[in-house]
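Keep in mind that this is a model prediction, so the values were computed, not measured. The chain is numbered in sequence order, starting from 1.
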Amino acid sequence: MNSGIVKHFGCLEKRYINPIHYYECDFDIHVLQTLDDRELLRRYRLDRAGIMFVVDLLRDAITSPTRRHNAITPKTKVITTLRYLATGKMQQCSSDDLGLSQSSVSRVITQTLTALSQPNIVTQFVSFPLDARTLHTHKRAFMDIAGFPGVVGVIDGTHVRIIAPSEDEAVFVNRRNFHSINVQIVFNAACKILDIVAKRPGSTHDARMLSESGIRQLFERRYVPANCHLLGDSGYPCKPWLLTPYLQPCQGPQLNYNRAHKTTRAVVEHGIGQLKRRFHVLHGEVRLRPEKVSKVIIACAMLHNICKVRQIAEPLEDGDEDEDNDEDGGEEDIYIPQGNLAQRYLLTSLYK
């Protein structure tokens with residue numbers, strides 16, 4: 001076939017160089033030069049500058065080693081993956097505007113998700129602060145919500161639905177009787193993610209996830225200064241650095257404490273809602289193996305924070321708060337001790 005033959009599909013142009021291959025770079029040119037930022041945000045959750053920021057971030061990791069002129073470009077790989085994360089529909093990546101075969105889409109998404117979820121990439125955007133100045137900023141922001149002092153983050157778990165895995169299927173069934181990954185997540189007052197664990201099967205209790213997590217080590221080994229604490233629901237054990245509500249509060253200080261606690265902790269529900277609203281792949285059933293689903297979740301968390309840093313507004317679509325929020329946290333019945341010293345101090349000093 002003559003390489004000059006051009007076929008048009010709407011406004012999209014494919015230049016065939018033989019019956020099998022074509023210049024795939026035409027598609028990322030079409031997307032980035034033809035669509036305005038509003039449409040890019042709707043389809044890919046990032047504007048033009050944000051997409052190029054991610055492309056440059058991942059370029060070395062996702063550039064094809066081949067010198068063939070029709071290799072899939074880093075731009076196309078990023079755009080394809082963003083489309084999948086925004087919609088949760090892999091088929092749509094090959095049908096609407098990207099010009100890739102289904103097998104190419106699957107390959108591209110796997111490669112890009114692996115790059116996005118590498119620790120050296122993730123920690124640039126998701127990390128718990130340890131410096132006093134940043135922690136003080138977080139405390140002030142949470143204090144402004146409901147007057148609750150010393151809060152540097154709010155923690156909760158959320159479930160991401162998955163297809164039944166072929167191995168260890170039973171452990172992925174959560175208390176609501178569907179297969180899932182249980183995700184532990186910590187937000188600051190601006191709904192930016194400070195810490196995330198996205199590898200535990202759905203039957204894992206929130207308290208057990210916490211006990212095995214790095215965030216517990218940061219507090220208990222005193223990398224986080226004293227007088228800093230997280231707020232969590234009653235599914236967590238009450239600790240000096242993790243304050244939970246009173247299960248049966250008395251009128252007066254305990255009730256006042258619970259009211260301020262609930263209002264402040266609502267940030268985590270808003271944050272999870274924003275994350276799932278931005279990336280619809282987290283709303284439905286992710287049809288991948290559990291280890292790949294973990295990469296999807298981590299990638300979404302990192303991209304969510306990039307959106308926060310770049311002040312990209314969340315999409316105005318359905319899916320407000322976290323539908324999978326579970327006050328008691330998981331499968332087991334765990335005794336939650338109440339009335340630790342941090343709670344008592346707050347009761348006597350602030351919530352009389």
Side-chain angles (χ1 to χ4, degrees), residues 128 135 138-159 174-176 182-191 193-197 204-213 215-216 218-220 224 226-274 320-352:
F128 196 87
L135 291 170
H138 288 347
K139 287 183 183 180
R140 286 198 313 178
F142 278 114
M143 185 78 169
D144 289 342
I145 295 173
F148 206 114
V151 180
V152 294
V154 286
I155 186 171
D156 204 356
T158 186
H159 289 268
N174 62 31
R175 66 183 298 123
R176 296 189 179 183
N182 193 3
V183 183
Q184 176 182 285
I185 193 164
V186 180
F187 286 93
N188 70 8
C191 293
I193 298 169
L194 303 180
D195 186 75
I196 187 167
V197 179
T204 309
H205 194 284
D206 288 354
R208 175 169 293 173
M209 286 185 65
L210 177 68
S211 70
E212 298 172 353
S213 68
I215 196 75
R216 180 182 74 88
L218 289 180
F219 278 93
E220 296 197 346
V224 181
N227 300 319
C228 294
H229 41 258
L230 305 176
L231 297 188
D233 64 22
S234 57
Y236 294 104
C238 191
K239 297 177 176 288
W241 53 268
L242 174 56
L243 301 182
T244 60
Y246 284 89
L247 295 179
Q248 296 178 321
C250 299
Q251 289 288 337
Q254 289 187 5
L255 190 58
N256 294 338
Y257 166 96
N258 269 18
R259 286 170 176 164
H261 185 287
K262 180 178 181 179
T263 302
T264 308
R265 200 188 70 82
V267 169
V268 74
E269 297 169 6
H270 298 325
I272 293 170
Q274 286 184 21
D320 290 333
E321 310 311 325
D322 178 27
E323 298 173 355
D324 296 317
N325 182 46
D326 226 345
E327 284 294 323
D328 56 3
E331 294 297 320
E332 310 157 14
D333 291 326
I334 292 182
Y335 172 67
I336 307 296
Q338 297 293 322
N340 72 26
L341 294 177
Q343 279 181 320
R344 291 177 183 174
Y345 170 78
L346 290 172
L347 291 181
T348 57
S349 62
L350 294 173
Y351 296 112
K352 294 180 181 178

Could you work out, with side-chain contact (heavy atoms from CB on, under 4.5 Å) as the rule, every residue matching Asp144, not counting sequence neighbours? none

Please enumerate all residues that pass side-chain contact (heavy atoms from CB on, under 4.5 Å) together with Arg259, with sequence neighbours excluded.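 By the side-chain contact (heavy atoms from CB on, under 4.5 Å) rule, Arg259 matches Leu255, Asn256.
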
Roughly how far, to the nearest 0.5 Å, is the [atom2] atom of [Y] from the [atom1] atom of [X]?
{"X": "Met209", "Y": "Ile185", "atom1": "CE", "atom2": "CD1", "value": "10.5 Å"}
{"X": "Leu243", "Y": "Arg265", "atom1": "CG", "atom2": "CZ", "value": "12.5 Å"}
{"X": "Asp195", "Y": "Asn188", "atom1": "CG", "atom2": "CG", "value": "12.5 Å"}

Could you tell me if the side chain of [Y] sits less than 4.5 Å from the side chain of [X], heavy atoms only?
{"X": "Leu230", "Y": "Ile215", "result": "yes"}
{"X": "Ile155", "Y": "Gln184", "result": "yes"}
{"X": "Asn174", "Y": "Asn182", "result": "no"}
{"X": "Val154", "Y": "Phe142", "result": "yes"}
{"X": "His229", "Y": "Val224", "result": "no"}
{"X": "His138", "Y": "Val151", "result": "no"}

Of all heavy-atom pairs between [X] and [Y], which one has the smallest distance, and what is that distance?
{"X": "Gly232", "Y": "His261", "value": "O-CE1, 3.1 Å"}
{"X": "Ala207", "Y": "Gly235", "value": "CB-O, 3.6 Å"}
{"X": "Asp206", "Y": "Tyr236", "value": "O-CE2, 3.6 Å"}
{"X": "Gly153", "Y": "Val186", "value": "CA-CG1, 4.1 Å"}

Partners meeting salt bridge (charged side-chain N to carboxylate O under 4.0 Å, His left out) with Arg216 (sequence neighbours left out):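 Salt bridge (charged side-chain N to carboxylate O under 4.0 Å, His left out) check on Arg216 returns Glu220.
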
Is a side-chain N or O of Asn258 found less than 3.5 angstrom from the main chain of Tyr246, in a donor-acceptor match? yes

Please check: side-chain N/O of Lys262 versus main-chain N/O of Pro245, any donor-acceptor pairing under 3.5 Å? no

For Phe219, enumerate each residue passing the ring pair (Phe, Tyr, Trp, His ring centres under 6.0 Å) test, keeping only those at least two apart in sequence or located in another chain.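 Once residues adjacent in sequence are excluded, the partners of Phe219 under the ring pair (Phe, Tyr, Trp, His ring centres under 6.0 Å) criterion are Phe128, Trp241.
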
Under the side-chain contact (heavy atoms from CB on, under 4.5 Å) test against Phe187, which residue among Leu194, Ile196, Asp156, Ile272 passes? Ile272

